[in-house]
Peer 1: 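What follows is a structure written as structure tokens; I'll ask about it next.
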Amino acid sequence: MIETFLNPEIIAAIWPIVLAGLANTVLLSLIVVPLGLLGGLIVALLATVHHPLVRWPLMAWVDFFRAFPPLVLLVLLFAGLPFAGLELGGFACVAIAFFLNTGAYYGEILRAGIDSVPVGQIEAARSTGLNRLQAMGYIVLPQAVRNVLPDLLSNTLEVVKLTSLGSVVAVPELLFQARQAQSLTYSPTPIVLVAIVYFLILWPMVRLLSRLENRALASRR
Amino acid sequence: MARPIVEARGIHKHFGALHVLKGVDLEVAERELVFVIGPSGSGKSTLLRCLNRLEEPSSGSVVVDGIDMLDPKTDINRARQRIGMVFQSFNLYPHMTALGNVTLALRKVAGKSRVEAEALGRAALKRVGLADRAGHTPGQLSGGQQQRVAIARAIALEPRVMLFDEPTSALDPELVGSVLEVMCDLRESGMTMIVVSHEMGFARNAADRVIFMDHGLIVEQGPPVAIFENPSQERTRAFIGQIQRH
Ligand SMILES: Nc1ncnc2c1ncn2[C@@H]1O[C@H](COP(=O)(O)OP(=O)(O)OP(=O)(O)O)[C@@H](O)[C@H]1O
Ligand SMILES: [Mg+2]
């Protein structure tokens, strides 16, 4: 069993490949999570503008990218854009796809957070002379983020998992590297190893999330 | 008579089909304390909120301390610094300490440095008797203390007039006194105040003028004794009778 699924010799041979994959997964996450949050912030702030010329296009935008499978979006960007004369490479395509897709999700979460802050907070801030943006930045957003922290973290967990989609467009992240190693060694060991690595990096986030969720439940009681 | 600090003329306010203010004129002189009473829904809060333009009047004019509040060219955020507002539900920022609440606008609107703002903020907290609570968050304070922090947040900006919208209505009875005391001190110091409240005792002691509103209009106004003891309008008499029975 161990010989097949976690062969020590194979591990010794491929660990530099897996390590490079891990580095790229971490790098990819460090790029796409902030990009998604930025996209989400833009969506959530635009959602506070009630003008119909902002409202309807924004709703269509968010619905579209939430309904569009991220893998299809990624392949479309990667395979389609070159025909429009735009050769972007796998990494950039992943970044754009995540900005669009996870931005829509983060946007909905942040919007719910903003809605959860009582209007009296904004009125108090505006009555002291803070402008709209200052009231948003100093008063509303900090409370909004705190109110939806478990949802933000849960979405972030999904985003980190989704970085494995990068393997489809030849971004050398964990899964891609594992497949490479697998085809070199004809052994399932690289895939098992990578599964363990995924678990080890995601499990602390899952624990943190449970704790936040329990705390949120307790404070609601 | 000197030019009034607050001059509101012909204020109308519609919410859709609802006509909430139907031509209200209000002048408030410097150092005057005007006390506003009236049934629920008569438009008292809306009137206050029109004065600092938290609510946009449908028509009419509002001039506060010589500044035309409804002129699109007016820097409304600057103008609002001169008009303090205290809300029924305190509306303190729960993620900041008492001092943070008081210093935010000092730093971000009045442009004070952190050191200056904190000195002014601590002085304001001291005026409301909460010098020792500067580091507490709203969740760690009683309702009465929270409302006093809210008053400190407003007076720290050195407003020319203070608006109070039922400042004690959300408080347990035993906490009302501490807030009224602070308001009395403020009045002693010469602050111009417009107070919407049901605290008749406070009105008798501190108000220069009582205004009775009903259905979006000022029905009657005069010195507290006249309005409370001897109102000339039937509607005023009915309302006063009603609240005194409670
Ligand atoms: N933003 C709003 N949109 C629609 N209607 C509103 C709005 N604000 C107030 N109203 C309505 O305007 C009327 C007057 O409200 P307002 O809050 O000024 O009354 P009030 O005299 O302060 O009453 P209370 O003593 O209950 O505080 C009410 O019928 C209220 O429902
Ligand atoms: Mg009211």
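Below, chain A is the first sequence line, B the second, and so on; all start at residue 1.
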Peer 1: Given that the side chain runs from C-beta out, which part of B/Y93 has a heavy atom under 4.5 Å from chain A: side chain, backbone, both or neither?
Peer 2: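 Both the backbone and the side chain of B/Y93 come within 4.5 Å of chain A.
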Peer 1: Among B/R53, B/M85, B/Q81, B/K108, single out the residue with the greatest number of heavy-atom pairs under 4.5 Å to chain A.
Peer 2: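 Most heavy-atom pairs under 4.5 Å with chain A: B/K108.
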Peer 1: Side-chain contact test, heavy atoms from C-beta onward, threshold under 4.5 Å: evaluate it for B/V28 versus B/I5 and give yes or no.
Peer 2: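 When only atoms from C-beta onward are counted, B/I5 and B/V28 do not touch, as no gap falls below 4.5 Å.
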Peer 1: For B/R160, is there an ion pair with B/E30 - N to carboxylate O distance below 4.0 angstrom?
Peer 2: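 Yes, charged N to carboxylate O under 4.0 Å.
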Peer 1: Check this for me: A/L30, atom CG, are more than 12 non-hydrogen atoms of other residues, nucleotides or ligands nearer than 6.0 Å?
Peer 2: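 For A/L30, atom CG is crowded (more than 12 foreign heavy atoms under 6.0 Å).
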Peer 1: For residues B/L186 and B/M193, determine if any side-chain heavy atom of one lies less than 4.5 Å from a side-chain heavy atom of the other.
Peer 2: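 Of all side-chain heavy-atom pairs linking B/M193 with B/L186, at least one is under 4.5 Å.
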Peer 1: Non-hydrogen atoms of chain A under 4.5 Å away: do they reach the side chain of B/L157, the backbone, both or neither?
Peer 2: side chain
Peer 1: Between B/P94 and chain A, with a heavy-atom cut-off of 4.5 Å, which part of the residue counts as in contact: side chain, backbone, both or neither?
Peer 2: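 Backbone plus side chain of B/P94, per the 4.5 Å heavy-atom cut-off to chain A.
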Peer 1: Heavy-atom pairs under 4.5 Å with chain A: which of B/A105, B/A79, B/A156 has the most?
Peer 2: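 Most heavy-atom pairs under 4.5 Å with chain A: B/A105.
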Peer 1: Is B/R49 salt-bridged to A/E123, going by a charged N under 4.0 Å from an acidic O?
Peer 2: yes
Peer 1: Please classify the contact between B/L92 and chain A as side chain, backbone, both or neither, with a heavy-atom cut-off of under 4.5 Å.
Peer 2: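 Only the backbone of B/L92 comes within 4.5 Å of chain A.
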